[in-house]
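See structure below.
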Amino acid sequence: MGEQEFAFVREAFATNWIAPIGPHVNAFEAEFCQAVGTSNAAAVSSGTSALHLALILGGVERGDEVVCSTLTFVASANPILQVGAIPVFVDSDEASWNMDPGLLREVLSRKAARGKLPKAVVLVHLYGQSADIDPILDACEEFGVTLIEDAAEALGATYWSSRKTRPVGTHKGDPMDPGVDVLVSNCPEGKTAVTPGTMGRFGIYSFNGNKIITTSGGGMLVTDEAALADRARFLATQARDPAPHYEHSCAGFNYRMSNVLAGIGRGQLRVLSDRVEARRRVFDHYVKELGDLPGLTFMPEADFGRSTRWLTCLTIDPGKSGGITREHVRLQLEQDDVEARPVWKPMHQQPLFAGAEIEGGAVADRLFELGLCLPSGSNLTTEDLTRVVDLVRRVWIEGKATQA
Ligand SMILES: *Cc1c(COP(=O)(O)O)cnc(C)c1O
């Protein structure tokens, strides 16, 4: 937590706004819009609920197909099942580990030729890095398919867009500065720095405990269409029709964010750029200390944006590391009580989605087989990092010793 979160929470208590409604909720939405550069935001109870609402508002119905990145956390795909739709998974590209725009276009062309297009595309921005949004949005527009961006892991990232579009918010000199100026700093001439999540018809963010900023649990749905944001808030509060009594003409949800948690969110937004810089420092430290190990390759930063390095991810190629695998490293860390996790297991490999359609898949399969996420918290100390580095290096030192 930063310094202001508790002040906002105290204010919620002092004013007795302990409810899924209140001034912090409204202010958090407005400040979030400014920070990411969008015009409407609806604060909800989780990223997953935001995605569920986006699918409903996007008109996805039972039996429709929805395209989704295969390399992701299951929460990107679960809401597709919840609306009764059929997921069609698409592989990653090597440059960003996110959805391959060429493969998406192939899927959409093929489906168009057969006369039935998917209703929506769920584009995931993984591990703090934007996908290549421009060509993906081009394809979605060409085929008339709704783009929903799952930016749960990518708040604070930027994408350099060639489109004429709204830039990331800037707040220089503003005492309420969410501190995003730094995020737009490297944008190449002629491009616009945008936040992943703000380009599609809908974008979703998460404030779960593990994300770059957190409200313990929470999410945000963003859209340029005010009527859709209003509809989202309506559905998120049990779809109560305007009447003095309780009148309902459609089924809603209990998805609104609590005013207490929105207070935390307001404070967290003000430290977003600090958190991004902290995560990038963690990444740089690992690169400096581990970059020479044979067979070890860090997740690339694509040339179309700036990653937050939410997690430091890497792959280990046993063909080049002298037989050392991702699992050797993970288990070495685990032995010393340091948790590291494999890269997401692709959705097309999950029992839950057995038999689902997959376009490509070899890149995501390889990233899962070889990929590892190192401890990456914003509050890791140099001593913490040194401990992780020493444990990882030991695998190579002992590997060599075994061979000798
Ligand atoms: C965390 C996450 C979500 C879900 O967010 P919650 O707030 O935990 O519901 C969705 N998609 C991705 C890629 C995530 O990492």
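Quantities reported herein were computed from a predicted structural model and do not represent experimental measurements. We count ligands from 1, going down the list as the structure has it; atoms in each ligand are counted the same way.
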- Any idea which part of T48 is under 4.0 Å from ligand 1, heavy-atom wise: side chain, backbone, both or neither? both
- Task: Measure the acute angle between the ring planes of Y127 and W344, then classify it against the limits of 30° and 60° as parallel, tilted or perpendicular.
- Result: parallel
- D274 with R281: basic N within carboxylate O range, under 4.0 Å: no
- Message: Is it the case that the side chain of D384 and the backbone of T381 share a donor-acceptor pair, with hydrogens and angles ignored and the cut-off at 3.5 Å?
- Response: yes
- Between E327 and R330, is there a side-chain N and carboxylate O pair less than 4.0 Å apart? yes
- Task: Please could you name the atoms of ligand 1 that A152 approaches to less than 4.0 Å, counting only its heavy atoms?
- Result: 2 (C), 3 (C), 10 (C), 11 (N), 12 (C), 14 (C)
- Closer than 4.0 angstrom: is that true for some heavy atom of G219 and an atom of ligand 1? no
- Does an N or O from W310, backbone or side chain, lie closer than 3.5 Å to an N or O of ligand 1? no
- Which ligand 1 atoms, with their elements, are less than 4.0 angstrom from a heavy-atom of T72? 13 (C)
- Message: Less than 4.0 angstrom from a charged side-chain N to a carboxylate O is my criterion; do E3 and R270 meet it?
- Response: no
- Quick one: nearest non-hydrogen protein atom to atom 11 (N) of ligand 1, plus distance? D150 OD2, 2.7 Å
- Just jot down the ligand 1 atoms closer than 4.0 angstrom to any heavy atom of F73, in number order. 2 (C), 14 (C)
- Could you check whether the rings of Y255 and F253 sit parallel, tilted or perpendicular, using 30° and 60° as the cut-offs? parallel
- Interfacing atoms of ligand 1 (cut-off 4.0 Å, heavy-atom, A75): 3 (C), 4 (C), 10 (C)
- Item | Flag if over 12 foreign heavy atoms under 6.0 Å of CZ, R110 | yes
- Item | Full working for salt bridge (Lys or Arg N to Asp or Glu O under 4.0 Å) between E359 and K111 | CA-CA 12 Å; E359 186 76 11; K111 303 253 174 207; over 6 Å; no
- Item | ligand 1 atoms in contact with N208 (distance to a heavy atom under 4.0 Å) | 7 (O), 8 (O)
- Hey, does E153 come in under 3.5 Å of ligand 1, counting only N/O atoms on both sides? yes
- Query: Is V124 close to ligand 1, meaning an N/O of one under 3.5 Å from an N/O of the other?
  - Reply: no
- Task: Starting from atom 1 (C) of ligand 1, find the nearest protein heavy-atom neighbour and note its residue, name and distance.
- Result: K211 NZ, 1.7 Å
- Message: Quick one, L57 and T223 - any side-chain contact, counting heavy atoms below 4.5 Å?
- Response: no
- Item | Distance filter under 4.0 Å to G218 heavy atoms, resulting ligand 1 atoms | 7 (O)
